[in-house]
Amino acid sequence: MTTAKDIMHSGARWIPAHETLDRAAQLMREHNVGALPVSANGDSDRMVGIITDRDIVIGCVAKGHDPSKVTAGDLAQGTPRWIDAEADVNAVLEEMQNHRIRRLPVVENKKLVGMISEADLAQHLTEEQIAAWAEKVYSRS
């Protein structure tokens with residue numbers, strides 16, 4: 001059985017909700033990632049959301065806001081989604097498809113251990129699985 005831990009990329013890290021978006025962008029550049037889970041207070045195991053590079057551009061910069069004054073917590077909206085490291089890959093796909101998300105934090109023993117992105121899916125799944133996933137996540141319905 002292929003699990004979330006088998007297909008994730010490790011090394012995901014939190015950004016505290018109080019950190020600014022310019023700091024979030026710096027962390028994304030340093031770690032070569034496009035998303036960061038947002039925690040209540042940094043190393044906390046309580047996720048309050050996730051922010052992406054696109055969120056920073058569309059939700060802050062394009063609106064004329066200063067990313068050195070807007071916090072990660074300001075942009076983290078909705079119910080945070082995550083998956084247990086031991087979850088089967090089908091559960092991963094279902095979670096991402098049902099919530100139409102492209103990145104999914106992976107948690108083990110209540111600790112963030114990795115992230116699953118589109119690139120991870122492309123490396124580990126069959127063409128049929130990827131096509132079905134993309135159809136559900138990107139459809140307009």
Side-chain angles (χ1 to χ4, degrees), residues 1-63 65-141:
M1 168 180 90
T2 303
T3 66
K5 193 170 189 174
D6 295 330
I7 66 170
M8 72 175 195
H9 61 271
S10 59
R13 72 171 279 173
W14 297 103
I15 185 161
H18 69 270
E19 284 285 356
T20 59
L21 296 182
D22 60 342
R23 180 64 184 136
Q26 292 164 1
L27 286 172
M28 288 178 188
R29 181 191 66 226
E30 288 170 17
H31 296 279
N32 194 29
V33 298
L36 295 170
V38 180
S39 70
N41 55 13
D43 294 324
S44 166
D45 58 5
R46 189 169 75 89
M47 184 171 28
V48 297
I50 188 168
I51 60 168
T52 66
D53 46 7
R54 186 176 194 280
D55 293 333
I56 295 170
V57 172
I58 302 298
C60 179
V61 177
K63 290 183 176 179
H65 300 295
D66 182 349
S68 69
K69 304 229 184 307
V70 179
T71 67
D74 292 335
L75 282 190
Q77 299 176 3
T79 303
R81 308 307 309 177
W82 55 272
I83 195 89
D84 187 88
E86 295 305 317
D88 181 83
V89 71
N90 292 321
V92 170
L93 293 173
E94 187 175 315
E95 182 72 16
M96 293 175 85
Q97 289 167 345
N98 289 345
H99 300 284
R100 299 181 72 170
I101 56 178
R102 296 168 185 90
R103 296 174 179 99
L104 186 63
V106 180
V107 175
E108 184 173 53
N109 299 320
K110 297 186 179 182
K111 301 287 183 201
L112 178 69
V113 294
M115 184 83 76
I116 297 173
S117 68
E118 294 168 294
D120 299 312
L121 296 179
Q123 290 178 351
H124 294 93
L125 302 180
T126 66
E127 288 183 23
E128 293 80 19
Q129 287 173 307
I130 295 167
W133 175 85
E135 182 179 348
K136 290 179 182 172
V137 171
Y138 289 107
S139 70
R140 291 188 175 154
S141 58

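Counting begins at 1 with the first residue of the sequence. The figures that follow rest on heavy atoms only: side chains count, while hydrogens, waters and symmetry mates do not. As the structure is a computational prediction, the values presented were derived from the model and not from experiment.
Once rounded to the nearest 0.5 Å, the distance linking CZ of R103 with CG of D120 reads 10.5 Å. Atom CE of M28 is separated from atom CD1 of I56 by 4.0 Å, given to the nearest 0.5 angstrom. The CZ atom of R102 sits 12.0 Å away from atom CD1 of I50, with the distance rounded to the nearest 0.5 Å. Distance check: D84 CG to N109 CG gives 8.0 Å after rounding to the nearest 0.5 Å. The OG atom of S117 lies 8.0 Å from the CD atom of Q123; values are rounded to the nearest 0.5 Å. Atom-to-atom distance recorded for T2:OG1 and I7:CD1 is 8.0 Å, nearest 0.5 angstrom.
A 4.5 Å side-chain heavy-atom check between K69 and D74 finds every atom pair outside the cut-off.
Heavy-atom minimum distance, P67 versus V61: CG-CG2, 4.3 Å. Closest approach of E86 and T3 over heavy atoms only: O-CG2, 3.8 Å. Here the closest non-hydrogen pair linking A72 and I15 is CB-CG2, 4.1 Å. Of all non-hydrogen atoms in A85 and V106, the two that sit nearest each other are CA-CG1, 3.5 Å. Here the closest heavy-atom approach between residue T71 and residue H18 is recorded as CG2-O, 3.5 Å.
When the side-chain hydrogen bond (donor to acceptor under 3.5 Å, both in side chains) test is applied to E118, the partners found at least two apart in sequence or on another chain are Y138. S68 is linked by a side chain to side chain contact (heavy atoms under 4.5 Å, CB included) to D22, D66, counting only residues two or more places apart in sequence or in another chain. Partners of A12 under the side chain to side chain contact (heavy atoms under 4.5 Å, CB included) rule, at least two apart in sequence or in another chain, are L112, M115. Residues satisfying the side-chain hydrogen bond (donor to acceptor under 3.5 Å, both in side chains) test with D53, not counting sequence neighbours, are none. For A91, the side chain to side chain contact (heavy atoms under 4.5 Å, CB included) partners two or more places apart in sequence, or in a different chain, are I83, A87. For the side-chain hydrogen bond (donor to acceptor under 3.5 Å, both in side chains) test, no residue two or more places apart in sequence or in another chain qualifies with N98. Every residue was checked against the salt bridge (charged side-chain N to carboxylate O under 4.0 Å, His left out) condition with R13, not counting sequence neighbours, and none meets it. With sequence neighbours excluded, the residues satisfying side chain to side chain contact (heavy atoms under 4.5 Å, CB included) with T126 are E128, Q129. Residues passing the side-chain hydrogen bond (donor to acceptor under 3.5 Å, both in side chains) test with H99, sequence neighbours excluded: R81. Partners of E19 by salt bridge (charged side-chain N to carboxylate O under 4.0 Å, His left out), not counting sequence neighbours: none found. Partners of R23 by salt bridge (charged side-chain N to carboxylate O under 4.0 Å, His left out), not counting sequence neighbours, listed by chain and number: E30.
Just one of I58, V57, T52 meets the side chain to side chain contact (heavy atoms under 4.5 Å, CB included) condition when paired with D55; it is T52.
For residues 1-12, every residue pair satisfying the salt bridge (Lys or Arg N to Asp or Glu O under 4.0 Å) rule, not counting sequence neighbours, is listed here: K5-E108.
When atom types are taken as modelled, the side chain of D88 and the backbone of N90 share a donor-acceptor pair closer than 3.5 angstrom.
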- Test side chain to side chain contact (heavy atoms under 4.5 Å, CB included) applied to L125 and W133, step by step: CA-CA 10 Å; L125 302 180; W133 175 85; 5.8 Å; no

- Message: Could you go through I51 and L21, starting from their C-alpha distance and side-chain angles, then the distance that decides it, and tell me whether this counts as side chain to side chain contact (heavy atoms under 4.5 Å, CB included)?
- Response: CA-CA 9 Å; I51 60 168; L21 296 182; 4.0 Å; yes

